[in-house]
Amino acid sequence: MTEAPLIVPGTAGPQGQDDLLAGLNPQQLEAVTYRGPALLIVAGAGSGKTSVLTRRIASLLRSREAWPSQILAITFTNKAAGEMRERVEGLIGDAARGMWISTFHSACVRILRREAQQFGFTKSFTIYDSGDSRALIKRLVKEHEADAFGLTPASVQSRISKLKNELSDAESYARQANMSDPAERIFVEVFADYQRQLQKANAFDFDDLIGQTVYLFRAFPEVADTYRRRFRHILVDEYQDTNHAQYALIHELTRPLASSSAPDPYASNGMMIFEPEPEPKNADTAGASLTVVGDSDQSIYAFRGADIRNISEFERDFPGARVVLLEQNYRSTQNILSAANAVIGNNFDRKEKKLWSDRGEGDKIIGFTGYSQHDEAQFVADEVEALHRAGMPYSEMAVFYRTNSQSRALEEIFIRSAVPYKIMGGTKFYERAEIKDALAYLVAVANPADEMAVRRILNKPRRGIGDVTETAIARFAEEQGITFRDALSMPAQLGFGPKIQAAIAQLDAVLTEATAIMLPPTGEVPAPTTVADGLSLLLAKSGYLDALRASRDPQDEARVENLDEFVAVARDFARNNPEGTIVDFLTDVALVADADDLDDESGTVSLMTMHTAKGLEYDAVFVTGVEEDLIPHRISAGEPGGPQEERRLFYVGITRARKRLHLSLAMTRAQFGEVTVAMPSRFLQEIPVALIDWRQSPGDVNSRGGMQSRALNARRAGGFGGSGSGSGSGDRFGVKPLPGRDSLKPLSTAMDRFPNRVTAKVRDNGDLELTAGDRIRHVDFGEGRVDTVTGEGAKRIAHVRFDTAGQKKLLIKVAPIEKI
DNA sequence: AGGGACAGAGTTTTT
DNA sequence: CTCTGTCCCT
């Protein structure tokens with residue numbers, strides 16, 4: 001952490017900012033220092049945009065053009081927000097405190113919590129993630145019997161989301177829809193009902209967070225003015241990924257004040273003394289200054305409503321806007337950039353932009369074609385090991401794929417090869433049933449109006465309360481005009497048997513007790529550990545944990561561990577937010593994606609989708625599954641602009657690499673138990689041949705006698721890190737070349753003999769003892785000699801030098817090996 | 001009410 | 001293949 005130089009008022013100005021401007025190229029310099037109402041920074045991949053953005057903020061603060069509280073910086077992910085805050089603090093220290101640096105969603109939640117009571121919500125509203133809305137929509141689809149008209153929960157959810165991103169609601173949609181179509185009519189009904197249910201539950205879904213904030217600003221201009229007065233400098237990162245609602249939000253915030261007569265709470269704090277504007281009065285009511293940063297070549301979220309026109313028509317939207325182009329790339333070698341440029345050049349409707357680098361040509365891109373996804377994964381694992389032996393830390397390597405399901409094969413091989421890895425944003429911790437249950441308990445306390453949450457925990461753990469009872473409670477609540485939650489507090493009046501009455505009374509008691517802890521009635525300050533304590537209490541006294549512990553299902557053991565972890569998360573939260581309430585905690589959980597808190601633990605390879613990869617960079621990058629129907633994904637083919645978006649996604653993937661880029665694919669891929677033949681992606685052909693060094697090209701694999709040429713290839717390849725870099729000896733499957741077959745047939749014949757799955761059952765070698773010098777036999781790699789054994793217990797790792805397959809690391813417990 | 005067996009469906013990206 | 005939903009039996 002660098003100390004910020006002290007700023008003496010009056011000495012502000014360019015001369016006080018030398019360190020902020022040092023080392024910038026002319027375009028970056030202008031991006032940092034330009035002052036005006038609107039600035040668009042077109043920042044190519046790796047062009048130092050985060051640096052520019054943070055220095056621009058630091059510069060505004062250092063020169064006293066703005067107070068921290070007047071700055072609103074919006075990023076796409078919480079991780080990016082955290083990084084930006086850290087870097088600004090690194091530049092100017094504590095002076096950065098009080099800025100809003102957050103995602104669209106967090107910023108809107110902050111605003112909505114403060115203003116919710118203006119329009120029929122309370123400040124403890126729940127945030128529904130997509131799983132929650134799906135559950136609600138599913139129920140409504142059933143209730144309205146919408147499935148009879150071909151509406152599925154998934155389709156309804158995505159349509160509603162799209163409409164909300166366009167700031168449309170059920171009513172406005174109905175006006176322009178073809179209401180003579182019964183399917184349309186019922187959709188509108190479901191949409192309207194969905195919105196009613198949200199309101200009744202005192203809840204917002206993800207899209208509402210943005211949309212309702214816009215609505216709030218439009219319906220209550222004086223509320224909007226408060227924020228317009230406050231935020232004088234608004235900066236938006238990844239502008240190409242904004243959707244219409246987000247665009248409208250920015251527009252609302254940068255509008256001139258609606259009523260200039262209102263008192264200005266910030267006018268008295270003395271900042272005007274340093275305000276360089278010649279006419280302070282004007283500056284006071286004029287719109288905030290807006291800076292947006294983006295790159296239309298990296299727009300990859302059109303599928304969820306991102307509108308590329310927001311950036312391409314920025315100059316029209318904000319007349320007089322200055323545009324700065326950053327084209328020098330400081331990240332990658334020229335070979336990688338040339339490939340990226342060549343690929344993205346095939347998108348026709350883009351503004352020409354050519355990234356260049358002065359880092360030299362660098363290594364060639366390495367290509368590899370495996371027979372199966374596991375073969376491909378083995379190549380990645382081997383290459384990772386080779387790079388690691390050559391001195392590259394695991395944390396500097398990343399493996400990308402198009403779809404989450406592709407991570408399986410990689411994981412299996414990585415485990416077997418003892419490669420330390422971490423999956424970023426994979427199966428979500430917060431989507432696990434037990435965590436959702438625990439969350440529902442918390443929501444039931446924090447926001448009793450949220451009927452979904454209360455219903456969810458009603459019979460978890462099993463209390464003998466079934467469908468019939470649940471419906472009866474709901475009907476009772478409706479008749480009495482009370483909430484579902486309140487109905488639980490009068491079990492005697494519900495008219496159930498004594499057993500069920502007791503169960504309900506018990507649940508009610510637990511919730512009441514937890515409420516007393518977590519939401520103390522008086523204004524007293526709750527203890528910092530209140531959330532964690534309340535959560536533990538809920539899980540213990542509800543019997544949830546006991547039920548899991550009593551279960552014989554081995555999975556339930558893991559669930560208990562997950563819940564322990566969740567309690568730890570709550571304690572962690574308390575440590576970081578001593579004054580944090582249960583509502584703060586729930587907000588955090590709802591808005592913090594797993595990808596965000598899974599910080600790079602040094603010493604592990606990162607696995608993630610190409611979408612998750614945006615904004616990150618690594619020394620070595622492996623883009624896997626470079627096949628037709630995967631990237632570009634087959635679903636994209638039908639969508640307008642789909643293939644182009646896929647190309648941008650691929651472009652994002654390859655531009656993450658600093659020094660080494662690997663592109664790999666598999667000739668066959670097993671999905672849903674079916675083995676399909678894959679074709680190389682069209683994007684591969686868009687890269688000049690000279691840039692790729694194929695360890696094994698699609699031709700090698702596809703042509704007659706593929707096995708043999710592969711074996712030759714592997715031996716010939718040598719390459720970085722020595723002979724182990726190939727993927728094992730070609731004859732490991734015991735398949736002889738098949739002369740005389742045409743180029744398509746041999747593959748399918750050979751295919752059934754390739755393991756498309758690693759042995760499904762978990763192998764357990766138990767206490768197999770190995771020491772240096774032992775000879776072993778491996779199912780795939782043949783015979784070899786143990787060099788050393790490291791690690792302990794279940795994590796013992798044998799470092800083996802195979803006679804033909806080179807060096808490997810093997811997790812002794814699970815590797816398919818035997819001592820000989 | 002709850003558990004087990006079976007059938008069917010869905011498989012893109014995520015704040 | 002794997003997850004969900006449904007049906008049927010206890």
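Protein chains get the first letters and strands the later ones, always in sequence-line order, with residue 1 at the start of each.
Aromatic ring centres of A/Phe303 and A/His611: separated by under 6.0 Å. Between A/Phe121 and A/Phe204, the gap from one ring centroid to the other is short of 6.0 Å. In this structure, A/Phe104 has its ring center at least 6.0 angstrom away from the ring center of A/Phe76.
Proximity note for A/Asn459 (side chain, C-beta onward) versus B/dT13, B/dT15, B/dG2: the nearest is B/dG2. Of all nucleotides listed (B/dT15, B/dT14, C/dT6), C/dT6 comes nearest to the side chain of A/Lys142. Which of B/dT12, B/dT15, B/dG2 sits closest to the side chain of A/Ile635 comes down to B/dT12. Between C/dT2, B/dG2, B/dT12, one nucleotide has an atom nearer to the side chain of A/Arg402 than all others, and that is B/dT12.
Comparing A/Phe206 and A/Ala154 by the nucleotide of DNA chain B that holds the closest heavy atom to each, the one mapping nearer the 5' end is A/Ala154.
Atom pair A/Ile300:CD1 and B/dT12:C1' shows a separation of 12 Å (rounding to whole Å applied). Rounded to an integer number of Å, the gap from CG of A/Asp205 to P of B/dT15 is 15 Å. Taking atom OH of residue A/Tyr301 and atom P of nucleotide B/dT15, one finds them 6 Å apart after rounding to whole Å. When the C1' atom of B/dT13 is taken as reference, atom CD of A/Gln406 falls 12 Å away, rounded to whole Å. Taking atom CD1 of A/Ile465 as the reference point, atom P of B/dG2 lies 9 Å away to the nearest angstrom. Separating the CZ atom of A/Arg304 from the P atom of B/dT14 is a distance of 8 Å, rounded to the nearest angstrom. A straight line from CG of A/Leu458 to C1' of B/dG2 spans 15 Å, rounded to a whole angstrom. Rounded to a whole Å, the NZ atom of A/Lys499 is 13 Å from the C1' atom of B/dG2.
Contacts of A/Phe76 with the nucleic acid, taken as non-hydrogen atoms under 4.0 Å apart, involve only primed sugar atoms and P, OP1 or OP2. Using a 4.0 Å heavy-atom distance criterion, A/Asp467 is classed as a sugar-phosphate-only contact. Among the heavy atoms of the strands lying under 4.0 Å from A/Thr469 are primed sugar atoms or P, OP1, OP2 only; no base atom is included. Heavy atoms of A/Arg634 sit nowhere under 4.0 angstrom from any nucleic acid atom. If you check every strand for non-hydrogen atoms under 4.0 Å, A/Asp129 touches nothing. Contacts of A/Lys138 with the nucleic acid, taken as non-hydrogen atoms under 4.0 Å apart, involve only primed sugar atoms and P, OP1 or OP2. The residue A/Arg648 sits apart from the nucleic acid: no heavy atom pair falls under 4.0 Å.
In this structure the side chain of A/Leu630 reaches within 4.5 angstrom of the side chain of A/Arg669, judged on heavy atoms. Side-chain contact between A/Tyr194 and A/Arg139: absent, with no pair of heavy atoms (C-beta onward) separated by less than 4.5 Å. In this structure, A/Ser312 and A/Arg309 have side chains that are in contact, with non-hydrogen atoms separated by less than 4.5 Å.
For B/dG3, the OP1/OP2 oxygens have a side-chain nitrogen or oxygen of A/Arg462 closer than 4.0 Å. Taking 4.0 angstrom as the limit, A/Asn404 places a side-chain polar atom (N or O) nearer than this to OP1 or OP2 of B/dT14. At the phosphate of B/dT15, neither OP1 nor OP2 sits under 4.0 Å from any side-chain N or O atom of A/Asn78. For B/dT14, neither phosphate oxygen OP1 nor OP2 lies less than 4.0 angstrom from any side-chain nitrogen or oxygen of A/Ser130. Checking the phosphate oxygens (OP1, OP2) of B/dT15, no side-chain nitrogen or oxygen of A/Asn165 falls inside 4.0 Å. Distances shown here put every side-chain N or O of A/Ser636 at or beyond 4.0 Å from the OP1 or OP2 atom of B/dT13.
Between the side chain of A/His633 and the base of B/dT12 there is no donor-acceptor pair of N/O atoms closer than 3.5 Å.
Atom C1' of C/dG5 sits at a distance of 24 Å from the matching atom of B/dT12, rounded to the whole Å.
Atom OH of A/Tyr128 and atom CG of A/Leu198 lie 6.5 Å apart (nearest 0.5 Å).
In this structure, A/Phe303 packs face-to-face on the six-membered ring of B/dT13, meeting both the 5.5 Å centre cutoff and the 30° plane limit.
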